[in-house]
Protein chains: 2
Amino acid sequence: MPDKLDRRKKYTRMVLKDSLIQLMNEKTFSSITVKEVCVLADINRSTFYTHFTDVHDLLYSIEEEIIEEMNKYLNAFHFIVEEESIQMTEKLLVYIKERKEIFEALLENNTGTSFEKRVMDIARLFLINKTDTANIDAASYLSTFIVSGAIHVIKDWLLIDQTQSPKQMAELISQFCNKGLGSMENEKSRE
Amino acid sequence: MPDKLDRRKKYTRMVLKDSLIQLMNEKTFSSITVKEVCVLADINRSTFYTHFTDVHDLLYSIEEEIIEEMNKYLNAFHFIVEEESIQMTEKLLVYIKERKEIFEALLENNTGTSFEKRVMDIARLFLINKTDTANIDAASYLSTFIVSGAIHVIKDWLLIDQTQSPKQMAELISQFCNKGLGSMENEKSRE
DNA sequence: GACACCGTGTTGGATATTCAACAAACAGTT
DNA sequence: AACTGTTTGTTGAATATCCAACACGGTGTC
């Protein structure tokens, strides 16, 4: 919201985040020190503490950014028709793939509220909005099921093969979700 | 010398230089504005004026940096034997090639003391040091000849073909210079 | 245990950058 | 000629960062 950030603040936060991301690609998160991050970012250590309390806090702010970006993609779903949703999913997957290492680090690292849980929360919210509001409980359960399924499919895709293109994955996941949503429609009509 | 520059100063100067270099690759030098450079560098315009008086001044400081770097290479010649000098020349050429666009811009752009003249000056100094001090005048004239020749050979190489590798060019230029220096030796022995 | 070493938070004064605003010069338009 | 838009230098107060120094806790070594 406070997009009216001072140029200097923006820059400092950016390089610190980038440093941590780079370091996470080289070593385990728990072995990374504040000092290390600052040296790489070429930022005075005392400045670090005016922005973040510690390395976890910095990681958390990276999460924030990622989550926010994913939210944009998901929000866009509301305004598009079925055929375009596959393309949208593809964009999301490309975004994830380009940040492969960050996502892996975030999924592995369980500090505080896990990244996975937060992603599920926003995705669930999205799914509930998308379906009819009459049957919220069912939608909630089902969306948990669908989203956790999707996340693990993406996780495997990231970690293991990636022989499938983002486009192919998008179609696969889209099918997967629609089947789930479809079953809920049946559920409702049977009432 | 004042290598004890504040981190912020270093960063500001660096991004401003980089911006100008990038812009010089996209448009003519004279069409580049201070504002443009600052926008690209994401630096406040008023900050620009605490470091440089105008765009020419900024360009000049880029020259300084380049000249300084070339000086290092040339100074290194003093301490190496003949066989290694070809490798050294090669390094210098690789350095130039990596900054092809900057050199082209600097060679084209004649503001104030031309870049070409300055390079010749430092190269001449180097050559005079390298040869016997007895015959300074002759060395000076000859070095002007050699260096200007070398610069234009390099210029052509940069601008036109580059089918020759830096290594091949290094051997060629080295031959070229040694022949010149050799002739000076003859000159002296004939006295 | 005593020791040295290293990372952590925190502080205060010095310094650099930002931002908004201004007058001035200039180029193009009507 | 008046108007519009743009770049240029310059200013002062607000803000962010730097830097050096400190006390503290942990870790390993003799």
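Values below: all heavy atoms of this structure, side chains included; hydrogens, waters and symmetry mates excluded. Quick caveat, the model's predicted, so the values are computed rather than measured. Chain A is the first sequence line, chain B the second, and so forth, proteins listed ahead of strands; every chain is numbered from 1.
- Of the listed nucleotides (dT7(D), dG9(D), dC18(D)), dG9(D) has the atom at the smallest distance from the side chain of Tyr49(B).
- One interatomic measurement links the two molecules: CG of Asp6(B) to P of dT18(C), which rounds to 13 Å at whole-angstrom precision.
- Inter-residue side-chain proximity for Lys35(A) and Phe48(A) is flagged as unmet; no heavy-atom pair is nearer than 4.5 Å.
- Contact of the Asp42(B) side chain with the Val15(B) side chain is not registered, since no non-hydrogen atoms from C-beta on lie closer than 4.5 Å.
- Spacing between atom CD1 of Ile43(B) and atom P of dA16(C) amounts to 14 Å, rounded to whole angstrom units.
- At the heavy-atom level, Thr12(B) lies under 4.0 Å from the strands shown only through sugar-phosphate atoms.
- Between the side chain of Arg7(B) and the base of dT17(D) there is no donor-acceptor pair of N/O atoms closer than 3.5 Å.
- The distance between atom CZ of Phe48(A) and atom P of dC18(D), rounded to the nearest whole Å, is 13 Å.
- A straight line from CG of Leu23(B) to P of dT7(D) spans 13 Å, rounded to a whole angstrom.
- To the nearest 0.5 Å, atoms CG (Asn44(B)) and OH (Tyr49(B)) are separated by 11.0 Å.
- Salt bridge annotation for Arg13(B)-Glu65(B): absent, with no cationic side-chain nitrogen under 4.0 angstrom from a carboxylate oxygen.
- Between Lys10(B) atom NZ and dT17(D) atom C1' the separation is 15 Å, expressed in whole Å.
- Residue His51(A) places no side-chain N or O under 4.0 Å from the OP1 or OP2 atom of dA16(D).
- Linking Ile, Leu, Val, Met, Phe, Trp and Tyr residues whenever their side-chain heavy atoms come within less than 4.5 Å leaves Val39(A) and Tyr11(A) in two separate clusters.
- Spacing between atom CD of Glu36(B) and atom P of dG9(D) amounts to 14 Å, rounded to whole angstrom units.
- Heavy atoms of Thr33(A) sit under 4.0 angstrom from primed sugar atoms or phosphate atoms, though from no base atom.
- No hydrogens or angles were tested; on distance alone, a donor-acceptor pair under 3.5 Å links the side chain of Arg8(A) to the base of dT17(C).
- Closest approach to the Ser46(B) side chain among dT17(C), dT17(D), dT11(D) is made by dT11(D) (side chain taken as heavy atoms from C-beta onward).
- In the interface, the side chain of Arg45(A) is paired with the base of dG9(C) through a donor and an acceptor atom under 3.5 Å apart.
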